[in-house]
Trainee: 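Have a look at this one.
Both backbone and side-chain heavy atoms feed into the values below; hydrogens, waters and symmetry mates do not.
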Amino acid sequence: MDATQRLLCGEDLFNPLLSMGLQASLILSMSHLIQIALKPIGQPAPVAQLIAGVLLGHSGLSQIRVIEMYFFQSSSADYYEVMAFFGRISFVFLIGLELDLYFLKRQLRDASTVAYAGALLCLIFAGAISFPFYGYFARPPHSKTNPHFATFLFVLMLSMANSASPLVIRFAEDLNLGTSDFGRLAICSSLINDLTCLLLGVIVSKTMDPKSFSIWAWIFSFVVTGIVSFLMRYIANWLNGWNRNSKYLRNAQLACVFLIVLLTAGVTELMGQNSILSSFLLGVTFPREGKTARTLLTKLSYALYTFLLPIYFGYTGFQANLKLLGQLRQFLGIIVIIILSTGGKILGTLAACHRLKIPLRKAIALALLMNLKGHYDILLLSRAQQKAGWISDFHNIMLVTVLLNTLISGVIVAFMVIIHSKSFGYRPIALEWKNPESELRVLACVHGPRHVPTLVRLIGGMNWSKDLPVAAYLMHLIELIPKKRVSSKMYNQLEDDELSDDEAYGGNDTLEINEAVDAFVAETGIFIRLLKAVAPMTTIFEDVCSGAEDVRASIVILPFHKHQRIDGKMESGKEGLRTVNQKVLRHAPCTVAILVDRGLVGLSQVPSSLAMQHVAVLFFGGPDDREALSFSKRIGMHLHVNVAVIRFVLAASRDISEKINISSQPGEQVLMAMPSRGVEDDADNAFLEDFYNRYVTSGKVAYVEKHVKNGAQTVAALRDIGDMYQLFIVGKGGRRNSPITTGMSDWEECPELGTVGDLLASSEFETNSSVLVIQQRRVVTD
């Protein structure tokens, strides 16, 4: 806040402002050029931004006398402090708004172990070198005592132990690690470390100026933050209901919401406290459903990632003076701190990862990510330097170590991710081999609002435990229709404008989808992230497949290209939808399901999220049916969903010699038909035996066998149970030729559903049950 006062009351208002604007423009321009050069070798954007700052700072162009006089004016630093304040508040609020709270809750112990293990060794190393470093680099000349040594000790310890969560988040996103378990663990660990160091920074403030520290100011700041958080929930809910025909908030409404955040941060700073924690808490407690949160995420992300963060990171490199590396004493000091801080992080994190059974390669990458330093370190050093009056050597050395630590660690991590892409990249695991108690990541696709109610109910059925929610994404697939426009606005401008609800790019469909999802989230508490893909119908399947890779989906759910009319007949929808499904089935990197949506008739008295109470899983054999049965494990564990597994067996296999005892109780005999005619049958039998012992004997799932002789009896059996269930789950195919399905493919209309799925989805099969056809991932060899 002192910087703001100097900024507003200074006499040289124009020139420093122009100087800062030119510096920011050059940092942005140069960072983009460097990023283009570094992109082929996979370096993330923060590396380019730090290098751009170095090239423009004391170590680069600013060595020229004219540029130095223009760039380094006395008041320009105050403008940077104010910009850094707004950028810091905005980004920390956005971090809280985007934070995966469910993952943090599940992995709090692991993330804390990683965060504190690396920091502990750094604290020990910092304490060991604190006294000689104070004497060589910080003690004022002609001073016989050690003034502010306690402050120096705390500053050195926090600087070496801190992990810059903004940089870790940007590195994780740029390296496509943000949705992986490894990336989210790194983000959560860095946040825990950063917030802990922030709270410990209060001790530093107390040692520097004991009179200015007040516990009542801290309590009052938390009370103010709590009151504002409570009010913002009501404001957000009120704005969500304002003008329901608009997909986003108006700019004026958005400005008012964000102004409240800035005012709260300003009040916290005026009370002498750090506003980072209050801004983070406001973001964490902000309601995430509705157009208020969507607008904040869209607007803040674009402004921060495009403009503020490049300047924010670039200014870190701008302040460092690498010419110190040419002086032996400073060079040795820099090397010692880099070795000890990096070594402490690596050794401590490796010990924590060994306890958590994290592979060595990932443990090293995690340690290097935790070694990234950022603006908080610089802010802490600057404030301590101003209050304690040390000689400038220590401040300059620490600025260089912050920069070099980040550059060295960041570059190594980027190369590790590229070289060992199989370890860090997206590795889809079939549901058959996936632990049903692990997180399920679902990418559901819709072309319009018609299929949204059934899809969200299906997602609700998968969420069997509040402690292990489904990571659900809903992608709106919009056909890009070439057309001429009178307006000169670009697409993103039309989308953000309150009068741009154009039917060709989602329009009212997007509005209805948003409302349906918001209602589901408010009712169940299951958060669904909304995505959008706009592309020609011939290539939109690529967006689906790349989206599945980006979110690391376990399963992609697509709507069937037909929908049910009022008379019960199935009618084809927009042209090209069937081709999209066929291409996704062929090229998807994970399991794919096609949903034949007939609604959920007769269950209106049940809450919509729990409406799907009776589900049947049809098992004929093969990898797709095993995948369908694995999917049913998630639904079967839901308290409000009844799942029945119906296995179709050839009638000849009823002979007792072809059955085995699968009972887990001694002295009890439970026989299941197990015809073995090949390797695939052996896999089916082993899978069913394990499934029966885990879920059927415990009463979670019912099990029925249907003995049929041919395809005609199979069809008759399916017709008999057609109205008993609200949803049928069946594998697409992949099964061998069998008498029980003989002749069923003669009238097959949609091969992408398989023989059984096509029958259940046909108009001739008179039923109101929805059908989910599942295909295990296919490996394309051509």
Side-chain angles (χ1 to χ4, degrees), residues 100 103-130 133 153-169 171-172 175 177-178 180-201 203 335-374 376-377 398 401-402 404-417 419-420 422-424 438:
D100 191 342
F103 183 86
L104 179 61
K105 181 180 177 181
R106 295 196 310 271
Q107 301 293 332
L108 182 60
R109 179 179 297 178
D110 293 351
S112 301
T113 302
V114 172
Y116 295 138
L120 180 61
L121 276 182
C122 289
L123 293 176
I124 295 173
F125 290 160
I129 65 171
S130 59
F133 258 70
L153 175 63
F154 282 123
V155 169
L156 182 61
M157 293 171 73
L158 291 180
S159 297
M160 291 179 62
N162 184 49
S163 299
S165 55
L167 272 167
V168 175
I169 292 172
F171 269 81
L175 296 174
L177 300 174
S180 67
D181 290 342
F182 168 80
R184 288 184 293 172
L185 178 63
I187 290 172
C188 292
S189 300
S190 65
L191 280 172
I192 292 172
N193 181 292
D194 216 355
L195 293 176
T196 303
C197 289
L198 178 66
L199 293 175
L200 291 177
I203 301 176
I335 294 299
V336 169
I337 293 180
I338 290 177
I339 291 175
L340 291 180
S341 62
T342 306
K345 287 288 185 182
I346 292 178
L347 293 176
T349 306
L350 285 179
C353 291
H354 178 72
R355 177 181 175 82
L356 300 175
K357 298 181 180 179
I358 297 176
L360 179 62
R361 187 176 294 133
K362 289 187 176 181
I364 295 174
L366 183 58
L368 292 173
L369 283 174
M370 296 296 293
N371 194 42
L372 298 177
K373 309 295 182 183
Y376 174 72
D377 302 86
M398 293 305 295
T401 57
V402 166
L404 294 181
N405 257 329
T406 303
L407 283 176
I408 294 171
S409 300
V411 170
I412 294 175
V413 167
F415 279 119
M416 287 184 65
V417 172
I419 295 171
H420 305 288
K422 291 185 178 180
S423 299
F424 294 96
S438 61

Trainee: Any side-chain heavy-atom pair from Ser190 and Asn193 closer than 4.5 angstrom?
Mentor: no
Trainee: Evaluate the side-chain proximity of Phe103 to Ile187: yes if any heavy-atom separation is below 4.5 Å, no if none is.
Mentor: no
Trainee: How close do Tyr116 and Ile192 get, heavy atom to heavy atom, and via which atoms?
Mentor: OH-CG2, 3.4 Å
Trainee: Verify the distance criterion only: is there a donor paired with an acceptor across the side chains of Asn371 and Thr342 at less than 3.5 Å?
Mentor: yes
Trainee: Would you check if Ser189 and Met370 make a side-chain contact, meaning some heavy-atom pair closer than 4.5 Å?
Mentor: yes
Trainee: Does Met160 reach the side chain of Leu123, with side-chain heavy atoms less than 4.5 Å apart?
Mentor: no
Trainee: Check Leu121 against Gly348 and note the closest heavy-atom contact, atom names and distance.
Mentor: CD1-N, 3.4 Å
Trainee: When you measure from the side chain of Ser112 to the backbone of Arg109, do you find a donor-acceptor pair of N or O atoms at a distance under 3.5 Å?
Mentor: no
Trainee: Is there a side-chain contact (heavy atoms from CB on, under 4.5 Å) between Leu200 and Phe154? Walk through the geometry before answering.
Mentor: CA-CA 9 Å; Leu200 291 177; Phe154 282 123; over 6 Å; no
Trainee: Distance from Ile124 atom CD1 to Leu347 atom CG, nearest 0.5 Å?
Mentor: 11.0 Å
Trainee: Please lay out, stage by stage, how Cys188 and Leu185 fare under the test side-chain contact (heavy atoms from CB on, under 4.5 Å).
Mentor: CA-CA 5 Å; Cys188 292; Leu185 178 63; 5.6 Å; no
Trainee: Between Ser409 and Leu372, which heavy-atom pair has the shortest distance, and what is it?
Mentor: CB-CD2, 4.0 Å
Trainee: Quick one: are Phe424 and Leu175 in side-chain contact, heavy atoms under 4.5 Å?
Mentor: no
Trainee: Do Ser163 and Lys345 have side-chain N/O donor and acceptor atoms under 3.5 Å apart?
Mentor: yes
Trainee: Where is the tightest heavy-atom contact between Gln107 and Asp110, given as atom of each residue plus distance?
Mentor: OE1-OD2, 2.9 Å
Trainee: Are Ile408 and Ile412 packed together at the side-chain level, in the sense that at least one heavy-atom pair is separated by less than 4.5 angstrom?
Mentor: yes
Trainee: Which heavy atom of Leu153 sits nearest to which heavy atom of Gly127, and what is that distance?
Mentor: CD1-CA, 3.9 Å
Trainee: Within a strict 4.5 Å, meaning less than it, do heavy atoms of the Thr113 and Cys353 side chains meet?
Mentor: no
Trainee: Roughly how far apart are Thr401 OG1 and Asp377 CG, rounded to 0.5 Å?
Mentor: 8.5 Å
Trainee: Roughly how far apart are Leu158 CG and Cys197 SG, rounded to 0.5 Å?
Mentor: 5.5 Å
Trainee: Are any side-chain N or O atoms of Lys373 and backbone N or O atoms of Asn162, one a donor and one an acceptor, separated by less than 3.5 Å?
Mentor: yes
Trainee: If you define the side chain from C-beta out and look only at heavy atoms, does anything of Leu350 sit under 4.5 Å from His354?
Mentor: no
Trainee: Would you give me the side-chain donor-acceptor pairs under 3.5 Å for residues 357-369, sequence neighbours excluded?
Mentor:
unit_1, atom_1, unit_2, atom_2, d
Arg361, NE, His420, ND1, 3.2
Arg361, NH1, Ser423, OG, 3.1

Trainee: Could you tell me whether the side chain of Ser341 and the main chain of Ile338 form a donor-acceptor pair under 3.5 Å?
Mentor: yes
Trainee: Measure the spacing between CG of Leu156 and OG of Ser130 and express it to the nearest 0.5 Å.
Mentor: 6.5 Å
Trainee: How close do Pro166 and Asp194 get, heavy atom to heavy atom, and via which atoms?
Mentor: CD-OD2, 3.8 Å
